[in-house]
Amino acid sequence: VTFEGNQTVRFTSPSAGTTAGLQISGLSTPTRNSSFILLCYIPDYSKVQTIIPYLSQGALLTPDYVSFSGYSLANDSHKYNGWHAIEVSADMWTAYSAGVLYNGTTAKVLRVDVTPRAGQIAEVFFAAVYLNTWSMPSIMFTYDDGRISQYQNAFRLHKKNNIPMNCYVIPPLLGTAGQF
């Protein structure tokens, strides 16, 4: 199974009904908010019971981590073969010990456990994980006349917060006092 032309990671449970998973260590993604999306392909949903992601900022998964146990394929809205986007928002994580900080501290460990239904062997293809994703705003700030204060004040704030902006200049004033 491929996603956007790239290979996915195939996971097959080791034996019928046994929970197992995969873990990636050594990540270096800053966690600035609790948004999380796990994209996976499930060829036969009837063989999968749950998919549980875990996230930690330590070198190991324990003792401080968060998990989300709410993605069950027993839920009618999840009963289908194909691509599943498991989205976890702020209030959906369960914290263990100190949990995870959302202040730019680096996430270092991601683990995903798959529990097959009783007597089944589950197969799941993992394509991507997105941390801290959000839609770009549908707004752009524009500034007229190309004043130097727009560069000194507004540009700094727009760049820091990743907000698009546009400055219109008056060509004959370029380089004059108070202008770009």
With sequence neighbours excluded, residues passing side chain to side chain contact (heavy atoms under 4.5 Å, CB included) with Ala20:
Phe11, Pro14

Can you list, pair by pair, the side-chain donor-acceptor contacts under 3.5 Å of residues 173-180, counting residues two or more places apart and other chains?
residue: Thr176; atom: OG1; partner: Leu173; partner atom: O; Å: 2.6

Partner set under side-chain hydrogen bond (donor to acceptor under 3.5 Å, both in side chains) for Asn153, not counting sequence neighbours:
none

Where Ser28 and Thr106 come nearest, the two heavy atoms and their spacing
CA-CG2, 3.2 Å

Mind checking what makes side chain to side chain contact (heavy atoms under 4.5 Å, CB included) contact with Asn81, not counting sequence neighbours?
Asp44, Tyr45

Among Leu39, Leu22, Val1, which residue meets the side chain to side chain contact (heavy atoms under 4.5 Å, CB included) test with Phe126?
Leu22

Side chain to side chain contact (heavy atoms under 4.5 Å, CB included) between Phe3 and Trp83, worked out
CA-CA 10 Å; Phe3 175 70; Trp83 288 104; 3.7 Å; yes

Does some side-chain heavy atom of Val124 sit less than 4.5 Å from a side-chain heavy atom of Val48?
yes

Among Trp93, Phe68, Tyr130, exactly one meets ring pair (Phe, Tyr, Trp, His ring centres under 6.0 Å) together with Phe36. Which residue is that?
Trp93

Indicate yes or no: at least one non-hydrogen side-chain atom of Ile121 is less than 4.5 angstrom from one of Pro116.
no

Nearest heavy-atom neighbours spanning His84 and Leu73
CE1-CD2, 4.3 Å

Set of salt bridge (charged side-chain N to carboxylate O under 4.0 Å, His left out) partners for Asp145, sequence neighbours left out:
Arg147

Distance from Tyr71 atom OH to Cys40 atom SG, nearest 0.5 Å?
6.5 Å

In sequence, state the C-alpha distance, the side-chain angles, and the governing distance for Met165 and Tyr143, and then conclude on side chain to side chain contact (heavy atoms under 4.5 Å, CB included).
CA-CA 8 Å; Met165 70 179 282; Tyr143 298 89; 3.6 Å; yes

Is there a side-chain contact between Arg117 and Lys47 in this structure, where contact means two heavy atoms from C-beta onward sitting under 4.5 Å apart?
no

Assess whether side chain to side chain contact (heavy atoms under 4.5 Å, CB included) is satisfied between Ser25 and Val109, documenting all intermediate values.
CA-CA 5 Å; Ser25 300; Val109 177; 4.2 Å; yes

If Ile, Leu, Val, Met, Phe, Trp and Tyr residues are connected whenever their side-chain heavy atoms lie under 4.5 Å apart, and connections chain through other members, are Val9 and Leu27 in the same group?
yes

Side-chain heavy atoms nearer than 4.5 Å, only ILVMFWY residues, links allowed to pass through others: does that put Leu55 and Ile24 together?
yes

Give the other cluster members for Leu157, using side-chain heavy-atom distances under 4.5 Å between Ile, Leu, Val, Met, Phe, Trp and Tyr residues; answer none if it is isolated.
none

What residues form a side chain to side chain contact (heavy atoms under 4.5 Å, CB included) with Thr142, not counting sequence neighbours?
Asn166, Tyr168

Is the closest side-chain donor-acceptor distance between Thr94 and Ser67 under 3.5 Å?
no

Candidate pair His158 and Tyr151, rule ring-ring contact (aromatic ring centres under 6.0 Å, His included), full reasoning
CA-CA 10 Å; His158 282 267; Tyr151 176 77; over 10 Å; no

Look at the side-chain heavy atoms of Ile, Leu, Val, Met, Phe, Trp and Tyr, link any pair under 4.5 Å apart, and say whether Val114 and Val129 land in one connected group.
yes

Which atom pair, heavy atoms only, marks the closest approach of Gln120 to Ser13?
O-OG, 4.4 Å

Would you check if Ile86 and Ile51 make a side-chain contact, meaning some heavy-atom pair closer than 4.5 Å?
yes

Membership question, hydrophobic clusters at under 4.5 Å side-chain separation (ILVMFWY): are Val88 and Ile42 in the same one?
yes

Provide the full list of salt bridge (Lys or Arg N to Asp or Glu O under 4.0 Å) pairs with a residue in residues 101-112, sequence neighbours left out, each pair given once.
Arg111-Asp113

Salt-bridge contact Glu123-Arg10 (side-chain N to carboxylate O under 4.0 Å):
yes

Report the residues that fulfil side-chain hydrogen bond (donor to acceptor under 3.5 Å, both in side chains) with Tyr41, sequence neighbours left out, ordered by chain and then residue number.
none

Going by salt bridge (charged side-chain N to carboxylate O under 4.0 Å, His left out), name the residues that satisfy it together with Asp91, two or more places apart in sequence or in a different chain.
none

Show, in sequence, the C-alpha distance, side-chain angles and deciding distance for Leu38 and Val112, and conclude whether the side chain to side chain contact (heavy atoms under 4.5 Å, CB included) test is met.
CA-CA 9 Å; Leu38 173 64; Val112 181; 4.0 Å; yes

State which residues pass side chain to side chain contact (heavy atoms under 4.5 Å, CB included) with Asn6; sequence neighbours excluded, sorted by chain then number.
none

Would you mind writing out the side-chain donor-acceptor pairs for residues 57-66 within the sub-3.5 Å range, not counting sequence neighbours?
residue: Gln57; atom: OE1; partner: Leu101; partner atom: N; Å: 2.9
residue: Gln57; atom: NE2; partner: Thr31; partner atom: OG1; Å: 2.6
residue: Gln57; atom: NE2; partner: Leu101; partner atom: O; Å: 2.7
residue: Gln57; atom: NE2; partner: Thr105; partner atom: O; Å: 3.2
residue: Asp64; atom: OD1; partner: Ser97; partner atom: OG; Å: 2.8
residue: Asp64; atom: OD1; partner: Ala98; partner atom: N; Å: 3.0

